[in-house]
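Letters A, B, ... are given to chains in the order of the sequence lines, protein chains preceding strands, and every chain is numbered from 1.
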There are 2 protein chains.
Amino acid sequence: MNQATPNTLRDLLPSKGELTRQTILRAAADLASIEGLEGLSIGDLAKAVGMSKGGLYSHFGSKRELQLAAIETARAVVREAVFVPAAAAPPGLKRLWALCEGYISYHERKVFPGGCFFGNVGAEVDAKAGTLRDKLAQLYNGLHARFAGMVREAQGLGELDASADPVQLAFEIIAVIREAARLFLLDDDAGHFARARFAIAARLRPLLTEKSPALPDVPAPAAKEGAAGP
Amino acid sequence: MNQATPNTLRDLLPSKGELTRQTILRAAADLASIEGLEGLSIGDLAKAVGMSKGGLYSHFGSKRELQLAAIETARAVVREAVFVPAAAAPPGLKRLWALCEGYISYHERKVFPGGCFFGNVGAEVDAKAGTLRDKLAQLYNGLHARFAGMVREAQGLGELDASADPVQLAFEIIAVIREAARLFLLDDDAGHFARARFAIAARLRPLLTEKSPALPDVPAPAAKEGAAGP
DNA sequence: CCTACCGATCGGTAGG
DNA sequence: CCTACCGATCGGTAGG
(Lines give C-alpha, C1' and ligand atoms only; values in the text may rest on other atoms or scores of the structure.)
Protein backbone atom coordinates (compact mmCIF):
# COMPACT_ATOMS: atom_id res chain seq x y z
CA MET A 1 0.00 0.00 0.00
CA ASN A 2 1.90 3.07 -1.22
CA GLN A 3 -1.04 5.41 -0.89
CA ALA A 4 -0.26 8.74 0.70
CA THR A 5 -3.69 10.35 0.52
CA PRO A 6 -6.49 9.23 2.85
CA ASN A 7 -9.02 6.68 1.57
CA THR A 8 -11.97 8.17 -0.26
CA LEU A 9 -15.04 6.39 -1.61
CA ARG A 10 -13.38 6.46 -4.98
CA ASP A 11 -10.42 4.53 -3.64
CA LEU A 12 -12.60 1.77 -2.24
CA LEU A 13 -14.70 1.25 -5.33
CA PRO A 14 -13.28 -1.02 -8.03
CA SER A 15 -11.38 1.02 -10.58
CA LYS A 16 -12.55 1.27 -14.16
CA GLY A 17 -9.71 -1.01 -15.20
CA GLU A 18 -10.77 -3.57 -12.62
CA LEU A 19 -14.35 -3.48 -13.88
CA THR A 20 -13.17 -3.99 -17.44
CA ARG A 21 -11.05 -6.89 -16.24
CA GLN A 22 -14.07 -8.50 -14.59
CA THR A 23 -16.15 -8.01 -17.73
CA ILE A 24 -13.46 -9.70 -19.79
CA LEU A 25 -13.14 -12.59 -17.35
CA ARG A 26 -16.84 -13.25 -17.13
CA ALA A 27 -17.05 -13.25 -20.94
CA ALA A 28 -14.03 -15.54 -21.04
CA ALA A 29 -15.66 -17.99 -18.64
CA ASP A 30 -18.87 -17.93 -20.68
CA LEU A 31 -17.01 -18.57 -23.92
CA ALA A 32 -14.83 -21.26 -22.36
CA SER A 33 -17.94 -23.09 -21.15
CA ILE A 34 -18.74 -23.54 -24.84
CA GLU A 35 -15.39 -23.64 -26.61
CA GLY A 36 -13.08 -24.80 -23.85
CA LEU A 37 -10.09 -22.92 -22.47
CA GLU A 38 -7.99 -23.67 -25.56
CA GLY A 39 -10.77 -23.21 -28.06
CA LEU A 40 -11.39 -19.77 -26.61
CA SER A 41 -9.48 -17.43 -28.90
CA ILE A 42 -8.24 -14.00 -27.87
CA GLY A 43 -9.66 -12.53 -31.03
CA ASP A 44 -13.15 -13.89 -30.41
CA LEU A 45 -13.01 -12.80 -26.79
CA ALA A 46 -11.99 -9.31 -27.82
CA LYS A 47 -14.91 -9.17 -30.22
CA ALA A 48 -17.30 -10.42 -27.50
CA VAL A 49 -16.35 -7.57 -25.16
CA GLY A 50 -15.97 -4.97 -27.93
CA MET A 51 -12.26 -4.45 -27.57
CA SER A 52 -9.18 -5.05 -29.66
CA LYS A 53 -6.77 -7.89 -29.03
CA GLY A 54 -4.15 -5.37 -28.01
CA GLY A 55 -6.59 -4.00 -25.48
CA LEU A 56 -7.00 -7.42 -23.90
CA TYR A 57 -3.25 -7.81 -23.63
CA SER A 58 -3.08 -4.71 -21.51
CA HIS A 59 -5.02 -6.69 -18.87
CA PHE A 60 -3.38 -10.09 -19.26
CA GLY A 61 0.16 -10.90 -20.22
CA SER A 62 -0.66 -14.17 -21.89
CA LYS A 63 -3.48 -16.50 -22.79
CA ARG A 64 -2.50 -18.84 -19.99
CA GLU A 65 -2.74 -16.05 -17.42
CA LEU A 66 -6.20 -15.21 -18.73
CA GLN A 67 -7.21 -18.87 -18.51
CA LEU A 68 -6.17 -19.11 -14.89
CA ALA A 69 -7.98 -15.88 -14.03
CA ALA A 70 -11.10 -17.12 -15.83
CA ILE A 71 -11.05 -20.26 -13.67
CA GLU A 72 -11.09 -18.11 -10.55
CA THR A 73 -13.97 -16.07 -11.92
CA ALA A 74 -15.91 -19.24 -12.77
CA ARG A 75 -15.26 -20.48 -9.25
CA ALA A 76 -16.77 -17.33 -7.81
CA VAL A 77 -19.79 -17.74 -10.07
CA VAL A 78 -20.37 -21.28 -8.80
CA ARG A 79 -19.95 -20.11 -5.24
CA GLU A 80 -22.66 -17.48 -5.67
CA ALA A 81 -24.97 -19.76 -7.64
CA VAL A 82 -24.65 -22.95 -5.62
CA PHE A 83 -22.91 -22.68 -2.28
CA VAL A 84 -24.15 -19.34 -1.00
CA PRO A 85 -27.85 -20.18 -1.52
CA ALA A 86 -27.42 -23.61 0.10
CA ALA A 87 -25.86 -21.99 3.16
CA ALA A 88 -29.11 -20.10 3.66
CA ALA A 89 -31.01 -23.34 4.35
CA PRO A 90 -31.20 -24.71 7.91
CA PRO A 91 -28.24 -26.96 8.75
CA GLY A 92 -28.49 -30.72 8.41
CA LEU A 93 -30.51 -32.71 5.95
CA LYS A 94 -32.35 -29.65 4.67
CA ARG A 95 -29.10 -27.93 3.81
CA LEU A 96 -27.80 -31.05 2.11
CA TRP A 97 -30.96 -31.21 0.04
CA ALA A 98 -30.71 -27.50 -0.75
CA LEU A 99 -27.16 -28.07 -1.95
CA CYS A 100 -28.35 -30.86 -4.26
CA GLU A 101 -31.15 -28.69 -5.59
CA GLY A 102 -28.80 -25.75 -6.01
CA TYR A 103 -26.31 -27.84 -7.95
CA ILE A 104 -29.08 -29.28 -10.13
CA SER A 105 -30.60 -25.86 -10.71
CA TYR A 106 -27.19 -24.41 -11.58
CA HIS A 107 -26.98 -26.88 -14.45
CA GLU A 108 -30.60 -26.61 -15.47
CA ARG A 109 -30.56 -22.79 -15.55
CA LYS A 110 -27.34 -22.83 -17.59
CA VAL A 111 -25.61 -20.26 -15.45
CA PHE A 112 -22.85 -20.58 -18.04
CA PRO A 113 -24.17 -20.61 -21.60
CA GLY A 114 -22.33 -23.84 -22.49
CA GLY A 115 -23.34 -25.68 -19.34
CA CYS A 116 -21.04 -26.11 -16.39
CA PHE A 117 -17.73 -24.34 -17.00
CA PHE A 118 -15.89 -26.92 -14.96
CA GLY A 119 -17.54 -29.87 -16.64
CA ASN A 120 -16.45 -28.65 -20.02
CA VAL A 121 -12.98 -27.50 -19.03
CA GLY A 122 -12.42 -30.59 -16.90
CA ALA A 123 -13.08 -32.86 -19.86
CA GLU A 124 -10.81 -30.71 -21.99
CA VAL A 125 -7.76 -30.90 -19.74
CA ASP A 126 -8.23 -34.24 -17.99
CA ALA A 127 -6.07 -36.13 -20.47
CA LYS A 128 -3.22 -33.64 -20.32
CA ALA A 129 -1.04 -33.80 -17.22
CA GLY A 130 -0.12 -30.35 -15.99
CA THR A 131 -1.06 -27.44 -13.80
CA LEU A 132 -4.50 -27.00 -15.31
CA ARG A 133 -5.45 -30.63 -14.78
CA ASP A 134 -4.18 -30.56 -11.21
CA LYS A 135 -6.15 -27.39 -10.57
CA LEU A 136 -9.35 -28.97 -11.85
CA ALA A 137 -8.71 -32.13 -9.83
CA GLN A 138 -8.36 -30.01 -6.73
CA LEU A 139 -11.56 -28.12 -7.44
CA TYR A 140 -13.57 -31.31 -7.94
CA ASN A 141 -12.02 -32.71 -4.82
CA GLY A 142 -13.32 -29.61 -3.07
CA LEU A 143 -16.80 -30.11 -4.53
CA HIS A 144 -16.92 -33.68 -3.25
CA ALA A 145 -15.63 -32.53 0.12
CA ARG A 146 -18.42 -29.95 0.36
CA PHE A 147 -21.09 -32.53 -0.27
CA ALA A 148 -19.44 -34.99 2.10
CA GLY A 149 -19.22 -32.28 4.73
CA MET A 150 -22.94 -31.63 4.49
CA VAL A 151 -23.63 -35.33 4.87
CA ARG A 152 -21.49 -35.39 8.00
CA GLU A 153 -23.31 -32.35 9.32
CA ALA A 154 -26.65 -34.07 8.86
CA GLN A 155 -25.29 -37.16 10.58
CA GLY A 156 -23.98 -35.06 13.45
CA LEU A 157 -27.47 -33.69 13.96
CA GLY A 158 -28.88 -37.21 13.92
CA GLU A 159 -30.84 -36.52 10.76
CA LEU A 160 -29.05 -39.14 8.71
CA ASP A 161 -27.92 -42.65 9.66
CA ALA A 162 -24.36 -42.42 10.98
CA SER A 163 -23.34 -45.66 9.29
CA ALA A 164 -23.37 -44.12 5.79
CA ASP A 165 -19.99 -43.23 4.29
CA PRO A 166 -20.17 -39.48 3.56
CA VAL A 167 -17.58 -39.59 0.78
CA GLN A 168 -19.34 -42.47 -0.95
CA LEU A 169 -22.69 -40.72 -0.62
CA ALA A 170 -21.24 -37.48 -2.01
CA PHE A 171 -19.75 -39.41 -4.91
CA GLU A 172 -23.09 -40.97 -5.81
CA ILE A 173 -25.04 -37.72 -5.51
CA ILE A 174 -22.61 -35.76 -7.65
CA ALA A 175 -22.48 -38.61 -10.17
CA VAL A 176 -26.20 -38.58 -10.92
CA ILE A 177 -26.38 -34.80 -11.06
CA ARG A 178 -23.48 -34.53 -13.46
CA GLU A 179 -24.74 -37.37 -15.63
CA ALA A 180 -28.09 -35.62 -15.85
CA ALA A 181 -26.35 -32.37 -16.76
CA ARG A 182 -24.40 -34.00 -19.58
CA LEU A 183 -27.44 -35.69 -21.03
CA PHE A 184 -29.38 -32.44 -20.72
CA LEU A 185 -26.76 -30.63 -22.78
CA LEU A 186 -26.89 -33.31 -25.45
CA ASP A 187 -30.66 -33.57 -25.89
CA ASP A 188 -32.20 -30.58 -24.08
CA ASP A 189 -34.44 -32.87 -22.02
CA ALA A 190 -34.72 -31.55 -18.46
CA GLY A 191 -36.29 -34.87 -17.48
CA HIS A 192 -32.80 -36.17 -16.76
CA PHE A 193 -32.74 -33.95 -13.69
CA ALA A 194 -35.90 -35.65 -12.45
CA ARG A 195 -33.96 -38.92 -12.60
CA ALA A 196 -31.14 -37.39 -10.59
CA ARG A 197 -33.56 -36.09 -7.94
CA PHE A 198 -35.31 -39.43 -7.78
CA ALA A 199 -32.00 -41.28 -7.37
CA ILE A 200 -30.85 -38.97 -4.58
CA ALA A 201 -34.13 -39.21 -2.68
CA ALA A 202 -34.17 -43.00 -3.00
CA ARG A 203 -30.58 -43.19 -1.82
CA LEU A 204 -31.26 -40.97 1.22
CA ARG A 205 -34.60 -42.50 2.25
CA PRO A 206 -33.26 -45.63 3.95
CA LEU A 207 -30.85 -43.40 5.89
CA LEU A 208 -33.54 -41.20 7.44
CA THR A 209 -34.05 -41.22 11.21
CA GLU A 210 -36.90 -40.14 13.46
CA LYS A 211 -35.11 -36.80 13.76
CA SER A 212 -35.03 -36.25 10.01
CA PRO A 213 -37.16 -33.50 8.51
CA ALA A 214 -39.37 -34.77 5.70
CA LEU A 215 -37.79 -34.95 2.27
CA PRO A 216 -39.62 -33.04 -0.45
CA ASP A 217 -41.83 -35.16 -2.67
CA VAL A 218 -39.92 -36.39 -5.67
CA PRO A 219 -42.12 -37.80 -8.41
CA ALA A 220 -40.93 -40.93 -10.23
CA PRO A 221 -39.54 -39.95 -13.63
CA ALA A 222 -41.78 -40.60 -16.61
CA ALA A 223 -41.29 -43.99 -18.24
CA LYS A 224 -39.45 -43.89 -21.53
CA GLU A 225 -39.32 -46.39 -24.33
CA GLY A 226 -35.87 -47.76 -25.10
CA ALA A 227 -34.03 -46.79 -28.28
CA ALA A 228 -31.80 -49.00 -30.41
CA GLY A 229 -28.36 -49.81 -29.06
CA PRO A 230 -25.15 -48.60 -30.67
CA MET B 1 -20.61 -54.56 -57.70
CA ASN B 2 -19.03 -53.87 -61.04
CA GLN B 3 -16.50 -56.64 -60.77
CA ALA B 4 -16.10 -58.80 -63.86
CA THR B 5 -13.42 -61.20 -62.65
CA PRO B 6 -14.30 -63.95 -60.15
CA ASN B 7 -13.58 -63.30 -56.47
CA THR B 8 -10.14 -64.26 -55.33
CA LEU B 9 -8.72 -64.19 -51.82
CA ARG B 10 -7.07 -60.94 -52.77
CA ASP B 11 -10.43 -59.39 -53.54
CA LEU B 12 -11.88 -60.34 -50.19
CA LEU B 13 -9.02 -59.05 -48.08
CA PRO B 14 -9.04 -55.36 -47.24
CA SER B 15 -7.04 -53.43 -49.79
CA LYS B 16 -3.88 -51.61 -48.80
CA GLY B 17 -5.71 -48.32 -49.09
CA GLU B 18 -8.41 -49.58 -46.75
CA LEU B 19 -5.81 -50.68 -44.23
CA THR B 20 -4.16 -47.27 -44.38
CA ARG B 21 -7.55 -45.69 -43.88
CA GLN B 22 -8.17 -47.79 -40.79
CA THR B 23 -4.75 -46.90 -39.42
CA ILE B 24 -5.49 -43.23 -39.90
CA LEU B 25 -8.91 -43.50 -38.28
CA ARG B 26 -7.70 -45.37 -35.24
CA ALA B 27 -4.93 -42.79 -34.77
CA ALA B 28 -7.53 -40.04 -35.23
CA ALA B 29 -9.76 -41.55 -32.56
CA ASP B 30 -6.82 -41.87 -30.18
CA LEU B 31 -5.77 -38.28 -30.77
CA ALA B 32 -9.35 -37.01 -30.48
CA SER B 33 -9.72 -38.73 -27.12
CA ILE B 34 -7.02 -36.34 -25.91
CA GLU B 35 -7.43 -33.21 -28.01
CA GLY B 36 -11.06 -33.42 -29.05
CA LEU B 37 -12.40 -33.59 -32.59
CA GLU B 38 -11.65 -29.94 -33.25
CA GLY B 39 -8.34 -29.89 -31.43
CA LEU B 40 -7.19 -32.78 -33.57
CA SER B 41 -5.23 -31.14 -36.37
CA ILE B 42 -4.66 -32.73 -39.76
CA GLY B 43 -0.97 -31.90 -39.55
CA ASP B 44 -0.54 -33.64 -36.19
CA LEU B 45 -2.52 -36.63 -37.37
CA ALA B 46 -0.37 -36.90 -40.50
CA LYS B 47 2.74 -36.83 -38.33
CA ALA B 48 1.28 -39.51 -36.04
CA VAL B 49 0.76 -41.93 -38.92
CA GLY B 50 3.91 -40.93 -40.80
CA MET B 51 2.22 -39.37 -43.78
CA SER B 52 1.91 -35.94 -45.32
CA LYS B 53 -1.19 -33.83 -45.06
CA GLY B 54 -1.77 -34.25 -48.76
CA GLY B 55 -1.64 -38.00 -48.25
CA LEU B 56 -4.41 -37.79 -45.68
CA TYR B 57 -6.58 -35.78 -48.02
CA SER B 58 -6.45 -38.59 -50.54
CA HIS B 59 -8.45 -40.64 -48.00
CA PHE B 60 -10.80 -37.95 -46.68
CA GLY B 61 -12.23 -34.99 -48.46
CA SER B 62 -12.45 -32.78 -45.44
CA LYS B 63 -11.78 -32.64 -41.74
CA ARG B 64 -15.45 -33.06 -41.00
CA GLU B 65 -15.63 -36.25 -43.04
CA LEU B 66 -12.64 -37.57 -41.13
CA GLN B 67 -14.31 -36.65 -37.83
CA LEU B 68 -17.44 -38.57 -38.70
CA ALA B 69 -15.44 -41.60 -39.81
CA ALA B 70 -13.40 -41.46 -36.60
CA ILE B 71 -16.62 -41.59 -34.58
CA GLU B 72 -17.62 -44.78 -36.37
CA THR B 73 -14.21 -46.27 -35.68
CA ALA B 74 -14.44 -45.33 -32.00
CA ARG B 75 -17.86 -46.92 -31.88
CA ALA B 76 -16.44 -50.19 -33.21
CA VAL B 77 -13.67 -50.01 -30.61
CA VAL B 78 -16.21 -49.65 -27.79
CA ARG B 79 -18.26 -52.49 -29.23
CA GLU B 80 -15.24 -54.83 -29.17
CA ALA B 81 -14.03 -53.65 -25.78
CA VAL B 82 -17.33 -53.50 -23.88
CA PHE B 83 -20.35 -55.07 -25.58
CA VAL B 84 -18.82 -58.14 -27.21
CA PRO B 85 -17.18 -59.40 -23.99
CA ALA B 86 -20.37 -58.80 -21.99
CA ALA B 87 -22.36 -60.87 -24.49
CA ALA B 88 -20.14 -63.84 -23.61
CA ALA B 89 -21.49 -63.89 -20.05
CA PRO B 90 -24.63 -65.93 -19.24
CA PRO B 91 -27.82 -63.92 -19.78
CA GLY B 92 -29.53 -62.15 -16.90
CA LEU B 93 -27.95 -60.60 -13.85
CA LYS B 94 -24.52 -62.05 -14.65
CA ARG B 95 -24.50 -60.45 -18.06
CA LEU B 96 -25.64 -57.14 -16.59
CA TRP B 97 -22.80 -57.29 -14.10
CA ALA B 98 -20.36 -58.24 -16.87
CA LEU B 99 -21.49 -55.20 -18.82
CA CYS B 100 -20.85 -52.97 -15.80
CA GLU B 101 -17.42 -54.50 -15.27
CA GLY B 102 -16.64 -54.24 -18.97
CA TYR B 103 -17.60 -50.58 -19.05
CA ILE B 104 -15.55 -49.90 -15.92
CA SER B 105 -12.58 -51.82 -17.25
CA TYR B 106 -12.78 -50.00 -20.57
CA HIS B 107 -12.24 -46.74 -18.71
CA GLU B 108 -9.68 -48.10 -16.29
CA ARG B 109 -7.56 -49.72 -19.03
CA LYS B 110 -7.67 -46.50 -21.06
CA VAL B 111 -8.57 -48.22 -24.29
CA PHE B 112 -8.24 -44.74 -25.75
CA PRO B 113 -5.16 -42.89 -24.49
CA GLY B 114 -7.17 -39.84 -23.41
CA GLY B 115 -9.89 -41.82 -21.65
CA CYS B 116 -13.25 -42.48 -23.23
CA PHE B 117 -13.41 -41.02 -26.75
CA PHE B 118 -17.11 -40.32 -26.35
CA GLY B 119 -16.75 -38.73 -22.95
CA ASN B 120 -14.24 -36.26 -24.30
CA VAL B 121 -15.93 -35.60 -27.62
CA GLY B 122 -19.36 -35.44 -25.98
CA ALA B 123 -18.23 -32.69 -23.67
CA GLU B 124 -16.63 -30.87 -26.59
CA VAL B 125 -19.73 -30.75 -28.75
CA ASP B 126 -22.56 -30.76 -26.21
CA ALA B 127 -22.87 -26.99 -26.16
CA LYS B 128 -22.95 -26.66 -29.94
CA ALA B 129 -26.21 -27.60 -31.61
CA GLY B 130 -25.63 -29.50 -34.80
CA THR B 131 -25.11 -32.88 -36.43
CA LEU B 132 -22.23 -33.86 -34.20
CA ARG B 133 -24.12 -33.14 -30.99
CA ASP B 134 -27.17 -35.03 -32.25
CA LYS B 135 -24.96 -37.96 -33.19
CA LEU B 136 -23.44 -38.07 -29.72
CA ALA B 137 -26.86 -37.77 -28.09
CA GLN B 138 -28.04 -40.73 -30.11
CA LEU B 139 -25.00 -42.81 -29.17
CA TYR B 140 -25.46 -42.11 -25.46
CA ASN B 141 -29.11 -42.90 -25.81
CA GLY B 142 -28.05 -46.23 -27.25
CA LEU B 143 -25.68 -46.85 -24.36
CA HIS B 144 -28.45 -46.22 -21.84
CA ALA B 145 -30.77 -48.45 -23.85
CA ARG B 146 -28.21 -51.27 -23.76
CA PHE B 147 -27.94 -51.12 -20.01
CA ALA B 148 -31.70 -50.84 -19.62
CA GLY B 149 -32.15 -53.79 -21.93
CA MET B 150 -29.88 -55.93 -19.78
CA VAL B 151 -31.84 -54.92 -16.70
CA ARG B 152 -35.04 -55.98 -18.42
CA GLU B 153 -33.47 -59.26 -19.43
CA ALA B 154 -32.51 -59.98 -15.83
CA GLN B 155 -36.03 -59.08 -14.74
CA GLY B 156 -37.50 -61.36 -17.39
CA LEU B 157 -35.46 -64.23 -15.98
CA GLY B 158 -36.70 -63.40 -12.50
CA GLU B 159 -33.19 -62.52 -11.34
CA LEU B 160 -34.03 -58.93 -10.54
CA ASP B 161 -37.11 -57.42 -8.91
CA ALA B 162 -39.58 -56.53 -11.65
CA SER B 163 -40.66 -53.34 -9.89
CA ALA B 164 -37.39 -51.55 -10.68
CA ASP B 165 -37.44 -49.04 -13.55
CA PRO B 166 -34.82 -50.28 -16.06
CA VAL B 167 -34.16 -46.84 -17.52
CA GLN B 168 -33.69 -45.29 -14.09
CA LEU B 169 -31.39 -48.11 -13.04
CA ALA B 170 -29.34 -47.77 -16.23
CA PHE B 171 -29.08 -44.04 -15.63
CA GLU B 172 -27.73 -44.52 -12.12
CA ILE B 173 -25.26 -47.24 -13.10
CA ILE B 174 -23.84 -45.26 -16.00
CA ALA B 175 -23.69 -42.15 -13.85
CA VAL B 176 -21.42 -43.63 -11.20
CA ILE B 177 -19.17 -45.31 -13.77
CA ARG B 178 -18.71 -42.15 -15.77
CA GLU B 179 -18.17 -40.02 -12.68
CA ALA B 180 -15.48 -42.47 -11.58
CA ALA B 181 -13.91 -42.31 -15.03
CA ARG B 182 -13.76 -38.53 -14.98
CA LEU B 183 -12.23 -38.39 -11.53
CA PHE B 184 -9.77 -41.11 -12.53
CA LEU B 185 -8.57 -39.03 -15.47
CA LEU B 186 -8.11 -36.01 -13.22
CA ASP B 187 -6.19 -37.62 -10.37
CA ASP B 188 -5.10 -41.09 -11.60
CA ASP B 189 -6.73 -42.74 -8.58
CA ALA B 190 -8.34 -46.02 -9.62
CA GLY B 191 -10.09 -46.09 -6.25
CA HIS B 192 -12.93 -44.13 -7.82
CA PHE B 193 -13.90 -47.27 -9.71
CA ALA B 194 -14.20 -49.12 -6.42
CA ARG B 195 -16.78 -46.51 -5.42
CA ALA B 196 -18.67 -47.09 -8.65
CA ARG B 197 -18.69 -50.86 -8.13
CA PHE B 198 -19.80 -50.43 -4.53
CA ALA B 199 -22.62 -48.12 -5.55
CA ILE B 200 -23.86 -50.50 -8.24
CA ALA B 201 -23.77 -53.53 -5.96
CA ALA B 202 -25.59 -51.65 -3.20
CA ARG B 203 -28.20 -50.47 -5.67
CA LEU B 204 -28.79 -53.99 -7.04
CA ARG B 205 -28.76 -55.85 -3.71
CA PRO B 206 -32.29 -54.92 -2.54
CA LEU B 207 -33.54 -56.00 -5.99
CA LEU B 208 -32.17 -59.55 -5.82
CA THR B 209 -34.57 -62.50 -5.78
CA GLU B 210 -34.22 -66.15 -4.75
CA LYS B 211 -33.43 -66.88 -8.40
CA SER B 212 -30.56 -64.39 -8.53
CA PRO B 213 -27.02 -65.69 -8.87
CA ALA B 214 -24.71 -64.33 -6.18
CA LEU B 215 -23.17 -60.94 -6.86
CA PRO B 216 -19.36 -60.84 -6.71
CA ASP B 217 -17.95 -59.53 -3.46
CA VAL B 218 -17.42 -55.79 -3.67
CA PRO B 219 -15.25 -54.39 -0.88
CA ALA B 220 -16.24 -51.09 0.69
CA PRO B 221 -14.00 -48.33 -0.69
CA ALA B 222 -11.22 -47.14 1.60
CA ALA B 223 -12.15 -44.19 3.78
CA LYS B 224 -10.66 -40.91 2.70
CA GLU B 225 -10.12 -37.71 4.62
CA GLY B 226 -11.92 -34.68 3.25
CA ALA B 227 -10.08 -31.82 1.56
CA ALA B 228 -10.85 -28.10 1.75
CA GLY B 229 -13.85 -26.84 -0.20
CA PRO B 230 -13.65 -24.49 -3.16
C1' DC C 1 -6.78 1.06 -24.96
C1' DC C 2 -5.71 1.28 -30.36
C1' DT C 3 -3.48 0.07 -35.08
C1' DA C 4 -0.33 -2.46 -37.39
C1' DC C 5 2.34 -5.84 -37.58
C1' DC C 6 5.22 -10.69 -36.53
C1' DG C 7 6.04 -15.92 -37.26
C1' DA C 8 3.57 -20.15 -36.86
C1' DT C 9 -0.05 -23.05 -37.82
C1' DC C 10 -4.63 -24.00 -39.38
C1' DG C 11 -7.72 -26.57 -43.19
C1' DG C 12 -7.50 -27.22 -47.77
C1' DT C 13 -5.83 -27.39 -52.91
C1' DA C 14 -2.97 -27.94 -57.31
C1' DG C 15 -0.29 -30.72 -59.84
C1' DG C 16 2.11 -34.52 -60.27
C1' DC D 1 0.85 -40.73 -51.81
C1' DC D 2 4.22 -36.35 -52.16
C1' DT D 3 5.82 -31.23 -52.44
C1' DA D 4 4.56 -26.74 -52.61
C1' DC D 5 1.60 -23.66 -52.05
C1' DC D 6 -3.13 -20.72 -50.74
C1' DG D 7 -5.83 -17.41 -47.51
C1' DA D 8 -7.26 -17.19 -42.81
C1' DT D 9 -6.47 -17.16 -38.14
C1' DC D 10 -3.79 -18.13 -34.15
C1' DG D 11 -1.06 -15.96 -29.81
C1' DG D 12 1.68 -12.30 -29.09
C1' DT D 13 4.40 -7.65 -29.68
C1' DA D 14 5.81 -2.71 -30.88
C1' DG D 15 4.82 1.78 -30.54
C1' DG D 16 1.92 5.03 -29.43
Exercise for review: Mind calculating the distance between CG (B:L56) and C1' (C:dG11) to the nearest angstrom?
Suggested key: 12 Å
Practice item. Rounded off to whole Å, could you give me the CD1-to-P distance for the A:I42 and D:dC10 pair? Key: 10 Å
Point to revise | Given C:dC10, D:dC10, C:dG12, the nucleotide with the shortest approach to the side chain of B:S41 | key: C:dC10
**Study point:** d(CD, A:E65; P, D:dG11) in whole Å
**Key:** 15 Å
Review point. Atom CG of B:L45 to atom C1' of C:dG12: distance rounded to whole Å?
Key: 15 Å
Check your understanding: Is there a salt bridge (Lys or Arg N to Asp or Glu O under 4.0 Å) between A:R182 and B:E179 once you walk through the steps?
Key -> CA-CA 11 Å; A:R182 270 193 313 272; B:E179 176 71 7; 5.2 Å; no
Exercise for review: Show your working on salt bridge (Lys or Arg N to Asp or Glu O under 4.0 Å) between A:R26 and A:E80 and close with a plain yes or no.
Suggested key: CA-CA 14 Å; A:R26 183 59 219 246; A:E80 294 304 316; over 6 Å; no
Exercise for review: Please step through salt bridge (Lys or Arg N to Asp or Glu O under 4.0 Å) for the pair A:R195 and B:E172, ending with a clear verdict.
Suggested key: CA-CA 8 Å; A:R195 298 212 173 271; B:E172 296 181 29; over 6 Å; no
Practice item. Would you check if the side chain of A:E124 reaches a backbone N or O of A:G36 as a donor-acceptor pair within less than 3.5 Å? Key: no
Exercise for review: Kindly indicate whether the side chain of B:K63 and the base of C:dG12 share any N or O donor-acceptor pair separated by less than 3.5 Å?
Suggested key: no
Review point. Considering only C:dG12, D:dC2, C:dT3, which nucleotide approaches the side chain of B:S52 most closely?
Key: D:dC2
Check your understanding: For the rings on B:Y140 and B:H144, is their centre-to-centre separation under 6.0 Å?
Key -> no
**Study point:** Closest to the B:Y57 side chain, choosing from C:dC1, C:dG12, D:dT13
**Key:** C:dG12
Review point. Relative to the 5' end of DNA chain D, which residue comes earlier, B:G50 or A:G39, by the nucleotide with the nearest heavy atom?
Key: B:G50
Review point. Among C:dC1, D:dC1, D:dG12, which nucleotide sits nearest the side chain of A:S62?
Key: D:dG12
Revision key, fill the gap. Writing each nucleotide of DNA chain C 5' to 3' as (, ), [, ], | or . by Watson-Crick or G-U pairing under 3.5 Å yields ||||||||||||||||
Review point. Whole-Å distance between C:dG12 P and B:L40 CG?
Key: 12 Å
Check your understanding: Just how far is it from atom CG of A:L139 to atom CD1 of A:I71, taken to the nearest 0.5 Å?
Key -> 7.0 Å
Practice item. Measure the distance from CG on B:L66 to P on C:dC10 and round it to the nearest whole Å. Key: 14 Å
Exercise for review: Quickly work out the A:M51 CE to C:dC1 P distance and round it to whole Å.
Suggested key: 5 Å
Check your understanding: Around atom NZ of A:K47, are there more than 12 heavy atoms of other residues, nucleotides or ligands at under 6.0 Å?
Key -> no
Practice item. Figure out the CD/P separation between A:E35 and D:dT9, and round it to whole Å. Key: 15 Å
